[in-house]
Amino acid sequence: MTAALRRVWGLMYRHLALYRRSWPRLLELAYWPVLQMCIWGFTATFLAQRMGDAAIAAGLLLGGVLLWEVALRSQMGVAISFLEELWSRNLGHVFVSPLRPWEMVAALIGMSVIRLVIGVAPAIALAWALYAFNLFALGPVLVLFFANLMVMGWWVALGVVALILRHGAGAEALAWSVLFGLTPISAVFYPVAVLPVWVQPLALALPAAHVFEGMRAILLHGTLPWPHLAAAIGLNAAWMGAAILVFARQFRAARERGALLNVGE
Amino acid sequence: MRGRSSLGAGRVRAYAPRMDAIRVHDLTKRYRETLAVDAISFAVAPGQTVGLLGGNGAGKTTTIALLLGLLIPTAGSIHVLGHDMARDRFAALARMNFSSPYVALPARISVRENLRVYGHLYNVPRLEARIGELAAELDLTEFLDRPAGQLSAGQKTRVALAKSLINRPDVLLLDEPTASLDPDSADLVRGWLERYRAESGCAILLASHNMAEVERLCTQVLMLKKGRIVDRGSPDELLARYGREDLEEVFLDIARNRRQAEPVA
């Protein structure tokens with residue numbers, strides 16, 4: 001293992017050791033996705049009884065819930081793992097070790113993937129067991145949907161971490177709330193066309209809106225949504241580039257202001 | 001004191017022995033209107049322990065943070081082990097370490113897991129053996145599998161010391177390493193530090209309010225006041241210059257402007 005990979009593993013090991021000793025943390029990972037799945041599953045069942053095509057109604061709602069959880073959990077995975085360092089007042093030791101800032105981000109992303117699997121897999125299984133909804137029926141393109149929503153979660157989280165570096169613990173509530181705030185314009189449960197005309201460009205600037213338009217294209221028309229996928233990938237690249245820039249500037253600014261000494265306060 | 005220990009075992013110096021381990025030139029740190037560190041210059045040779053003495057707000061912790069790269073200087077230069085910290089700080093950080101009672105280690109994971117985390121971050125070879133050596137030397141063996149947060153203040157200080165020695169550092173920065181320790185524990189920590197320095201040739205920069213500690217450990221003392229080095233010398237030189245019996249009186253003379261040093265011949 002190279003020194004860089006070992007440093008990334010070192011920070012991931014710290015979080016894995018924490019989860020091994022804290023069942024409430026493990027439970028919390030799956031709690032919200034499963035709860036969301038239950039609420040929306042029963043809502044979908046109710047709506048399906050009133051509408052003509054139960055399978056499509058359930059698919060649109062449950063597919064939206066499960067895929068949106070991918071973005072939410074991926075964002076929280078990065079942001080909360082960073083907050084764990086802040087809460088334990090350990091950042092001083094981490095930042096004076098040879099761990100590069102990008103290795104820290106890589107470790108946080110690694111933890112985000114692990115948290116995502118632990119959090120979303122039970123919800124996917126529950127959707128299949130309770131409501132006979134198989135997310136994998138979307139086909140191999142599901143991998144691209146997952147990847148795009150995960151990357152969107154990461155760049156949003158990188159922005160949140162940058163804000164925490166800038167504003168300290170006062171910004172930590174954003175770790176939970178920021179992506180929820182984007183839900184209305186992410187077209188999770190309805191098409192972008194439903195939104196007011198002036199909101200639609202904002203929605204189409206988010207990769208998530210293209211992923212969910214793509215999901216609906218498959219479920220409703222059986223067509224593969226390549227233009228939407230291309231847009232999602234391009235937008236993710238642009239947003240990730242911007243988030244990296246913001247993070248790098250805030251990290252340097254924090255070193256200039258002395259914020260790394262008391263970032264938890 | 002015991003015979004030869006394993007604190008500095010296996011360490012191979014990787015720089016010219018005549019080179020200063022730390023060289024600071026005209027180092028300045030300004031926060032808007034506040035001048036925290038004002039054009040200080042000093043050097044620490046391998047095998048030397050230099051004390052930073054000064055009241056609260058004198059600039060001790062800021063100086064250490066600058067040396068560790070947690071802060072970016074407003075002006076001046078820092079070279080550690082031949083590396084310019086402005087350009088190449090990670091190469092130096094891999095061979096440095098740091099301990100402070102004010103920067104915690106993750107409380108919910110065990111002592112062994114904490115040491116593993118930092119062993120990975122510092123790319124320590126034969127990590128489990130190194131953890132065993134340090135645990136034996138610092139009397140931590142029976143606590144290795146207990147959560148770090150459940151230890152007493154003295155035990156936590158020993159764990160922090162083990163963390164700071166995990167990579168057999170060439171440069172060790174210590175911010176009040178014996179604060180909050182009882183006299184017995186503090187004496188043991190000082191003994192370990194003396195032994196590590198003697199066995200390894202490590203350069204130590206020590207910020208402390210404990211004058212007895214500074215007199216015992218330090219070969220040179222830098223007296224800081226309002227960010228400036230107002231006097232320097234070996235403990236004996238300072239005592240002679242101020243005509244005092246102990247460093248506490250010298251400290252008070254400087255802090256309260258009570259008495260000027262005798263002119264140096």
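In this text the structure is predicted, and so the values were computed from the model without any measurement. Each chain gets a letter, A, B and so on, in the order the sequences are listed, and its residues count up from 1.
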CZ of A/Arg100: more than 12 outside heavy atoms within 6.0 angstrom?
yes

Would you indicate whether the side-chain heavy atoms of A/Ser22 and B/Arg108 approach each other to under 4.5 Å?
no

Any idea which of B/Ala94, B/Pro106, B/Ala107 has the most non-hydrogen atom pairs under 4.5 angstrom with chain A?
B/Pro106

At a heavy-atom separation under 4.5 Å, does B/Ser110 approach chain A through its side chain, its backbone, both, or neither?
both

What part of A/Arg252 is in contact with chain B, defined as an atom under 4.5 angstrom from a non-hydrogen atom: side chain, backbone, both or neither?
both

Heavy atoms from other residues, nucleotides or ligands near CZ of B/Arg23 exceed 12 (cutoff 6.0 Å):
no

Measure across B/Phe98 and A/Val96 and return the closest heavy-atom pair with its distance rounded to 0.1 Å.
CD2-CG2, 4.0 Å

Verify the neighbour count for atom CH2 of A/Trp87: are there more than 12 heavy atoms of other residues, nucleotides or ligands below 6.0 Å?
yes

Find the one option among A/Leu18, A/Leu11, A/Val8 whose heavy-atom pairs under 4.5 Å with chain B are most numerous.
A/Leu18

Considering only heavy atoms, which portion of A/Tyr19 lies under 4.5 Å from any heavy atom of chain B: side chain, backbone, both, or neither?
neither

Quick one: CD on A/Glu103 to CZ on B/Phe90, what's the gap to the nearest 0.5 Å?
7.5 Å

Greatest number of heavy atom pairs closer than 4.5 Å to chain A - which of B/Thr61, B/Asn114, B/Asn123:
B/Asn123

Nearest non-hydrogen partners of B/Tyr31 and A/Glu256, listed with the distance:
CE2-O, 4.1 Å

Separation of B/His120 NE2 from A/Leu99 CG (nearest 0.5 Å):
13.0 Å

For a quick test of reading the model, state the closest non-hydrogen atom pair linking B/Gly69 to A/Arg255 and the distance between them.
O-NE, 2.8 Å

Name the region of A/Arg6, side chain, backbone, both or neither, that has any atom closer than 4.5 Å to a heavy atom of chain B.
both

Could you tell me if the side chain of B/Val103 sits less than 4.5 Å from the side chain of A/Asn90, heavy atoms only?
no

Using a 4.5 angstrom heavy-atom cutoff, name the option from A/Arg14, A/Arg89, A/His93 with the most pairs to chain B.
A/His93

Atom CH2 of residue position A/Trp128 - does it have more than 12 heavy atoms of other residues, nucleotides or ligands inside 6.0 Å?
no

Rounded to the nearest 0.5 Å, how far does OG of A/Ser88 lie from CD1 of B/Ile109?
8.5 Å

Whatever's closer than 4.5 Å to a heavy atom in chain A on B/Arg89 counts as side chain

Test side chain to side chain contact (heavy atoms under 4.5 Å, CB included) applied to A/Ser97 and B/Leu121, B/Asn97, B/Val117, B/Leu68, the passing residue:
B/Leu121

If you count heavy-atom pairs within less than 4.5 Å of chain B, which of A/Pro98, A/Gly10, A/Ala254 leads?
A/Pro98

Around atom CZ of B/Arg126, are there more than 12 heavy atoms from other residues, nucleotides or ligands closer than 6.0 Å?
no

Among the listed options B/Lys163, B/Arg32, B/Met96, the residue most often paired with chain A at heavy-atom distances under 4.5 Å:
B/Lys163

